[in-house]
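Here is the structure we will look at.
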Amino acid sequence: MCGIVAYLGNKTARPILIEGLKRLEYRGYDSAGIALLENNDITVTKSAGRISNLEDCLTRDASNASLGIGHTRWATHGKPNTINAHPHQDYTGKIVVVHNGIIENYATLKKWLKTKDVPFVSETDSEVIANLIGYFYAEGNDKQGRKASGSTSKFEWAVQEALSELVGTYGLAIICKDYPDTLIGAKKGSPLILGVGEKEFIIASDASAIVEHTTQAIYLSDNEMAIATSEGFRTKTIDNVEVTKSLKEIEFSLEEIELADFDHYMLKEIYEQPTSIARCLGGRIDLKSSRVVLGGLQDILRDLTKTKRIILTACGTAWHAALVGEFLFEQLARIPAEVEYASEFRYRNPIIEEGTIVIAISQSGETADTLAAIEQAKERGATVLGVVNVVGSTIARTTDAGVYLRVGPEIGVASTKAFTAQVAVLTMLAIELGRRRHLSNEYAYTLLKELATIHEKIPPILAQTDHIKEIAKANIDKENWLFLGRGLNYPVALEGALKLKEISYIHAEGLPAAEMKHGPIALITDDMPAVFIATKCSQYDKIIGNIEEVRARGGKTIVVATEGDENIKQYADHLITVPDTNEYLQPMINAIPLQLLAYHAAVLRGHDVDKPRNLAKSVTVE
Ligand code: AGP
C-alpha cells in the first residue's frame, strides 16, 4: 500500500528519489518524504499530501547526497499527516527507515522500548522499527542483553536483531549516519526489489521506479535482506545466512509506464486493450489442434483436467474475473467451481478435499488477503495456481504454477486491461479443460478461432467514447446507480459498478437483473440510472423483461446491447452498442463501455482518476 524507493550510487540521490516516488505514487499518496545522507549528516524532509507538496518543502540548495531513501504513504497506523509520514528517524538520529507493511506487535515493542526510555513522536508502527534498530545499534546488546557478535557490521547486526523481533509484514530501506556507503533493504510479506546498475543500486517496491536506471534486478524473498555498498551487494537471510540471488531482467520498458498522449493512465490502459488482449492471447492459441498452450501450467494440466473442484479466490476486480471463470469452468469444462473472496476464505477454515485446485487471481501479485488465502489453501494440500500480471511478484513465486497476464504494468488504480486479460486467461483455461473432457474439438475450435481475434472487436467500442461521455454527463448528478446483468453479464455488472464507485465516488451496486423484483426494485426512481448489460445471449428475452420492469416504474435505462439489435432501442434511454461475439467471450467486450462510463463520470466530477481518494493500487495490508 505504500511506495518505497532508495538510492546508493554515483549520481545525486534527490532527483532520483523524487522521480521514483512519482512512479510509485499510485501505491499510496497520503504523504511523502525523503532522507538524504551527506557529509555524515542526515536530512529528513516530509509532508502530508502528494509528492508535489514534498517538492515544495525541499530546500532550494543543491544536494550532492548520493545515498537516500524515500516513501509515499497509504496510511494504516496514524493519520496521514507530516509527523506520521516516512522516513522515520530513530531517537538517536542515526537510523532512518522507510517501511511498507504492517507490524502487528508494534504496540508491545513500543511499550518495551519505552521501558528503556526511548521516546516516540508518531503514532505509526514504522517508527517502532526505526527506534528498535536505533536501540540495538546504540546499546550494542540484543533484547536479552547479549553483546553484538559475528562478522557483520554493527549496523547490519542491529537491523537483523530488530527484524527478528518483528511480527507482521515489511518492505524496508534503511540507512545509518555512521555508514555513508551502505544501503540495506529487507523484505517480509511486502514487495521489495533491488535494481543493480553500473555502480549504483535502487531499492523500490516495484520495478516501475527502477526500470529507467537499470533492467537488472534482484527479487528478495521473505526474511531476506540486501546490503548494497560501493563495493557491490550481498544478500542474506535476516538470520545472517548468506544467500545467492541471481539477477533477473525487468520485463517492461520505460514507455510502458509513461503517460504518452493520454490524460490519465486509466484511459491509456483502456485504450491499450486491443493490444493487451492480443499480447495476453498471443502464442497461446493453437488453432491447428484446437488447443490452448499455457506454458506455466503444462506440468499440472493433467491434474487440472481430473480435478473434482476448482476454487477461485481474489479481491475486487480480480474477484469479478473469477466469477466469469466460475461460469466458464462449469459451462465449458463441466467442472464444479466456486468463487471466494480471499479476505473471507483466509479466515473460514475452508474445507479442501483431495483433488481440489485453487486459482488465485491478482494483478499486482501482492494483495495481502489473496496471499493469505493461498497459504490457507496450501496448508490444506490444494494445488494452487496464480493468474498474475506482475512478473516475479510474491503470488507468482508462492503458487505451484501459474499464468502471467502479459499486459505490462497497470498504473491506474482502477483495473481495466488486467481485468479483461484475467478473463481472457480464464476463458482459455476453461476451453482447454473442456476440450480435454467433454467439449467437442469442433466447438473448441469455434471458440478459439473467435477468441484469437476478439481484440479486433474493441476499437468500435473505444470509438464511442464521446457518446459514452455524453451519457455520463447526462447522469452526472445522480448519486446512486444500479448495474444489472444475467449469466456472464452479472459479473460484468458488478465490475461496472465497482469502476464507477472507486473513481467517481458515486454509489453504485451490481446485481443479477432477476434479483430486482426480490427487493431492489423498490429503489427505482428516475433519479437512479439502471445500467443493463443486455447483449444477445441465452437470457436475452429475460433481460428485456427486467428492463421493462424498471421502465414501468419510471426508471431511466442505460443499455449495453449488441450492434444491430433494433429491438432493444425502444427500451433504452441511452444505448451503447458492442460487437457481437460468442456468449462465452462477451464479458471481455462488455466490460469496456463500463470502464469508459466510469472514467468519464470521474473526470466530469473533477476527481483524480488515477489516484482516487482512500485507495491504492496494491492492497498489501489486510
Ligand atoms: C480494481 O479496480 C481495484 N483497484 C481493486 O478492487 C483491485 O482489483 C483489488 O485490490 C485486487 O488487486 P489485485 O488484482 O492486485 O490483487
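Model, not experiment: these values are computed from the prediction. All values below were derived from every heavy atom in this structure, side-chain atoms included, with hydrogens, water molecules and symmetry-related copies excluded. Counting starts at 1 for both ligands and their atoms, in listed order.
With hydrogens left out, the protein atom closest to atom 9 (C) of ligand 1 is Cys315 O, 3.8 Å, a heavy atom. Looking only at heavy atoms of the protein, atom 1 (C) of ligand 1 is closest to Thr317 OG1, 3.0 Å. Atom 15 (O) of ligand 1 has Ser364 OG, 2.7 Å as its closest protein atom, hydrogens excluded (heavy atom only). Remark: minimum distance from atom 14 (O) of ligand 1 to any protein heavy atom is reached at Gln363 N, 2.7 Å. From the protein, the heavy atom lying nearest to atom 10 (O) of ligand 1 is Val619 CG2, 3.8 Å. Of all protein heavy atoms, the one closest to atom 3 (C) of ligand 1 is Glu502 OE1, 3.4 Å. With respect to atom 12 (O) of ligand 1, the closest heavy atom belonging to the protein is Thr367 OG1, 3.5 Å. Nearest to atom 4 (N) of ligand 1 among the protein's heavy atoms is Val413 O, 2.7 Å.
Judged by a 6.0 Å distance limit and a 45° cone about the ring axis, Arg605 is not positioned over the six-membered ring of Tyr505.
A donor-acceptor pair shorter than 3.5 Å cannot be found between the side chains of Gln586 and Thr581. Side-chain contact, Asp369 with Thr367: no donor N or O sits under 3.5 Å from an acceptor N or O. Thr535 and Asn489 form a side-chain donor-acceptor contact under 3.5 Å, judged by distance and modelled atom types alone. A donor and an acceptor atom, one from each side chain of Glu249 and Thr215, are located under 3.5 Å apart.
Using a 4.0 Å heavy-atom cutoff, Lys499 is listed among the residues neighbouring ligand 1.
Taking every heavy atom of Ser415 and a limit of under 4.0 angstrom, the matching atoms of ligand 1 come to 1 (C), 2 (O). Close contacts of ligand 1 with Ala414, meaning ligand atoms under 4.0 Å from a residue heavy atom, involve 2 (O).
Ring centroids of His264 and Tyr599 are separated by less than 6.0 Å, placing the two rings close together.
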Does the pair Ser221 and Lys187 meet the rule for a side-chain contact (heavy atoms from CB on, under 4.5 Å), with working shown? CA-CA 7 Å; Ser221 299; Lys187 176 197 188 306; 5.7 Å; no

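Distance alone, capped at 3.5 Å, places no donor-acceptor pair between the Thr356 side chain and the Ile352 backbone.
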